[in-house]
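Working notes for the structure below.
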Amino acid sequence: MEYMFAKKINFYKITGLNRNHIQLLLLLIQQSLTVRYKRSVIGIGWTLLNPMLTSFILWIVFSFLFAGKLQSGQQFAPYLMAGVLLNSLFQLGLLQSANSISGNKNILTKVAVPPRIFAFAAALAAFINFIIGLIPLAIVVYISGQNIEWTFPIVFLTGLLLALFVSGIGLFLSIIFIRFEDTVNVVNALLLMLAALTPIFYPVDILSKPVKFLVNLNPLTSFLDIFRWSFSDNAAVTFADFCYIIIISFTSFILGNFFFKKRWSKTIAML
Amino acid sequence: MVIISLKNISFFYRVLNKKHNSLKVLFKDFLKGKISIENYLALDSINFEVKKGQVLAIIGRNGAGKSTLLKILARVMSPSNGELSINGQIAPMIELGAGFNTELTGKENILFYASLLGRDLKDVRMRVEMIAEWAGLKDKLDYQLRTYSTGMVARLAFAVATDQMPDILLIDEVLSVGDEDFAIKSRARMTEMIESECTVIIVSHNLDMVVEMADEVIWLEKGRVLMHGNPAEVITAYKSAGL
């Protein structure tokens with residue numbers, strides 16, 4: 001009990017939030033989930049439809065090429081869709097949390113709110129989007145004749161860790177973006193490169209050795225492997241993968257918060 | 001009881017000698033050795049105390065550091081040097097309605113704005129109707145904010161901001177909001193707040209009003225306190241300083 005308590009205080013200390021801010025955090029998450037689709041007819045249904053459409057297009061293009069290259073027992077459609085879902089959690093979460101600080105400068109320069117709350121809300125909203133996307137993925141898993149594994153609760157942990165990872169980098173980038181506007185373009189190019197080095201739609205086995213090495217170094221590959229393995233056994237994982245994502249998520253989160261805390265008082269004067 | 005105390009508060013903006021919006025230009029100048037960092041002093045060792053229930057007015061010309069001081073008091077920015085202590089809940093009325101989202105309904109905006117101001121949502125949920133009724137917008141509560149007129153948005157923001165009596169009220173110019181009826185109503189509420197227990201810090205260019213309301217006046221000039229005393233004296237000196 002005492003241990004739990006000590007852990008909680010640390011969390012508040014790292015993030016600069018207090019208990020009263022949780023209600024604001026929840027409101028912000030709810031807002032970013034609903035506002036985006038406020039003017040559309042099917043509303044939040046887009047969250048379900050979006051990954052399905054993207055996956056469907058990629059499936060048409062790549063299924064001929066790669067469907068036979070997967071290891072036996074693995075199915076291309078859920079393999080692909082898992083890649084799309086996780087990648088959109090990463091990309092959306094990262095860009096939205098990185099832009100959340102400058103995007104809310106109207107609020108931040110007038111009301112005393114802990115600024116990092118906006119970045120956390122963006123990362124968590126991307127996480128919830130991801131969770132909603134698991135519903136169509138489950139359908140695709142059944143259609144391809146697979147079953148959802150008993151290990152599937154691990155998916156939630158994986159998603160949360162990725163949200164932690166993303167918000168750490170997002171906090172770092174949010175400061176950089178405010179200081180130097182053109183870094184946005186550099187980061188976009190880097191993200192494109194990173195996406196190419198993530199096995200979203202191709203199997204890792206088709207790669208040549210040096211490229212395979214790079215792809216395995218990419219933390220997103222470990223996240224993705226664990227996700228695919230725990231949901232419907234569409235990838236192989238090692239113990240090292242788990243260690244890797246846990247360490248990198250917490251490192252990113254703590255360093256991002258630390259960097260932000262250090263630079264914020266100077267950065268707000270630039271908003 | 002001293003509720004706000006500032007000891008040697010300074011604030012400087014670190015500025016590069018040139019504005020660099022892009023990494024490329026910065027890098028180029030860095031290579032040429034053309035970069036130096038200058039400190040622009042916006043506030044220079046400010047000292048003062050405010051007691052509970054007092055009304056303090058801050059006057060000064062444009063660029064004297066009034067807004068920076070207000071932002072530091074609102075805890076939006078932290079001072080570069082010095083000690084700031086504030087005992088109590090602050091309601092900054094610096095720019096009302098920051099954070100309103102036009103796609104959300106009036107009710108959702110009330111909740112969001114109130115939680116930005118650090119209020120307990122459970123309380124606010126029960127008071128939503130009352131807030132809207134005071135703003136004269138009860139029948140519009142479920143409409144999106146983009147269907148509101150500018151005056152309505154301002155009324156709603158004012159109603160939320162002044163719904164709870166804070167310990168400390170920071171005001172950037174006394175606002176009169178909306179049409180004539182509402183302006184009277186809002187001014188009455190402001191006066192009520194100022195005359196109550198609550199401590200008020202007010203920045204204003206309206207000298208007549210300052211004389212009427214303030215207990216003490218601080219005259220800020222180029223980031224320094226030039227004079228601090230009773231309203232009549234300070235304002236006479238301020239006026240005779242010309243401009």
Side-chain angles (χ1 to χ4, degrees), chain A residues 16-40 43 100-115 117-118 121 173 176-187 189 261-271, chain B residues 11-16 19-27 37 40 42 67-68 70-80 86 89-105 108-109 111-122 124-125 144 146 161 170 172:
Chain A
L17 302 182
N18 66 37
R19 212 159 298 205
N20 281 341
H21 294 130
I22 300 297
Q23 53 175 10
L24 178 59
L25 184 67
L26 294 177
L27 268 186
L28 281 170
I29 295 170
Q30 189 195 343
Q31 254 190 37
S32 63
L33 288 175
T34 52
V35 167
R36 204 170 353 146
Y37 303 119
K38 204 99 191 184
R39 288 199 186 194
S40 70
S100 66
I101 306 295
S102 58
N104 285 300
K105 66 176 172 196
N106 252 336
I107 298 175
L108 288 170
T109 51
K110 270 138 215 154
V111 191
V113 206
I117 202 166
F118 294 104
L173 288 179
I176 304 286
F177 281 0
I178 292 169
R179 303 219 149 190
F180 307 106
E181 278 164 22
D182 52 357
T183 43
V184 179
N185 300 321
V186 178
V187 169
K261 203 169 145 191
K262 202 139 194 218
R263 308 305 308 180
W264 175 243
S265 64
K266 299 252 159 62
T267 309
I268 188 175
M270 301 175 88
L271 276 177
Chain B
F11 187 86
F12 48 80
Y13 293 96
R14 277 158 64 97
V15 277
L16 294 175
K19 189 165 163 45
H20 299 273
N21 268 334
S22 77
L23 210 54
K24 190 182 112 190
V25 180
L26 178 69
F27 191 64
I37 293 172
Y40 169 72
S67 303
T68 310
L70 215 54
K71 278 183 182 173
I72 285 176
L73 289 170
R75 289 195 184 284
V76 167
M77 302 198 300
S78 36
S80 314
I86 297 175
Q89 195 214 344
I90 316 169
M93 311 225 343
I94 298 180
E95 189 176 303
L96 296 178
F100 271 3
N101 188 326
T102 50
E103 291 299 316
L104 297 176
T105 66
E108 287 167 326
N109 272 304
L111 291 175
F112 181 60
Y113 190 40
S115 88
L116 270 182
L117 295 175
R119 299 200 184 133
D120 192 355
L121 272 190
K122 268 189 226 135
V124 182
R125 274 211 179 86
Q144 285 172 327
R146 67 186 147 90
L170 301 178
D172 196 356

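Numbered from 1 within each chain, the chains take letters A, B, ... in sequence-line order.
At a 4.5 Å heavy-atom cutoff, the contact between A/K110 and chain B is made by backbone and side-chain atoms alike. Interface residue A/V113: only side-chain heavy atoms are found under 4.5 Å from chain B. Heavy atoms closer than 4.5 Å to chain B are found in the backbone of A/L108, but not in its side chain. When heavy atoms are compared at a cutoff of 4.5 Å, B/Y13 approaches chain A solely by way of its side chain, counted from C-beta outward. Residue B/D120 touches chain A through both its backbone and its side chain, counting heavy-atom pairs closer than 4.5 Å. Heavy-atom distances place the side chain of A/L27, and not its backbone, under 4.5 Å from chain B. Only the side chain of A/Q31 comes within contact range of chain B, with at least one heavy atom under 4.5 Å from a heavy atom of that chain.
Of the listed residues A/P115, A/S265, A/A112, the one with more heavy-atom pairs under 4.5 angstrom with chain B than any other is A/A112. Chosen from A/V111, A/N106, A/T183, the residue pairing most often with chain B at heavy-atom distances under 4.5 Å is A/V111.
A/L24 and B/S115 make their closest contact through CD1-OG, 3.0 Å (heavy atoms, listed as atom of the first residue, atom of the second, distance). Nearest heavy-atom pair across B/R119 and A/Q23 is O-NE2, 2.6 Å.
Judged purely by atom type and a 3.5 angstrom limit, B/E103 has no side-chain atom pairing as donor or acceptor with the backbone of A/T34.
Enclosure of atom OH in B/Y40 is not indicated, since only 12 or fewer non-hydrogen atoms of other residues, nucleotides or ligands lie within 6.0 angstrom.
The CG atom of A/L28 sits 7.0 Å away from atom CG of B/L116, with the distance rounded to the nearest 0.5 Å.
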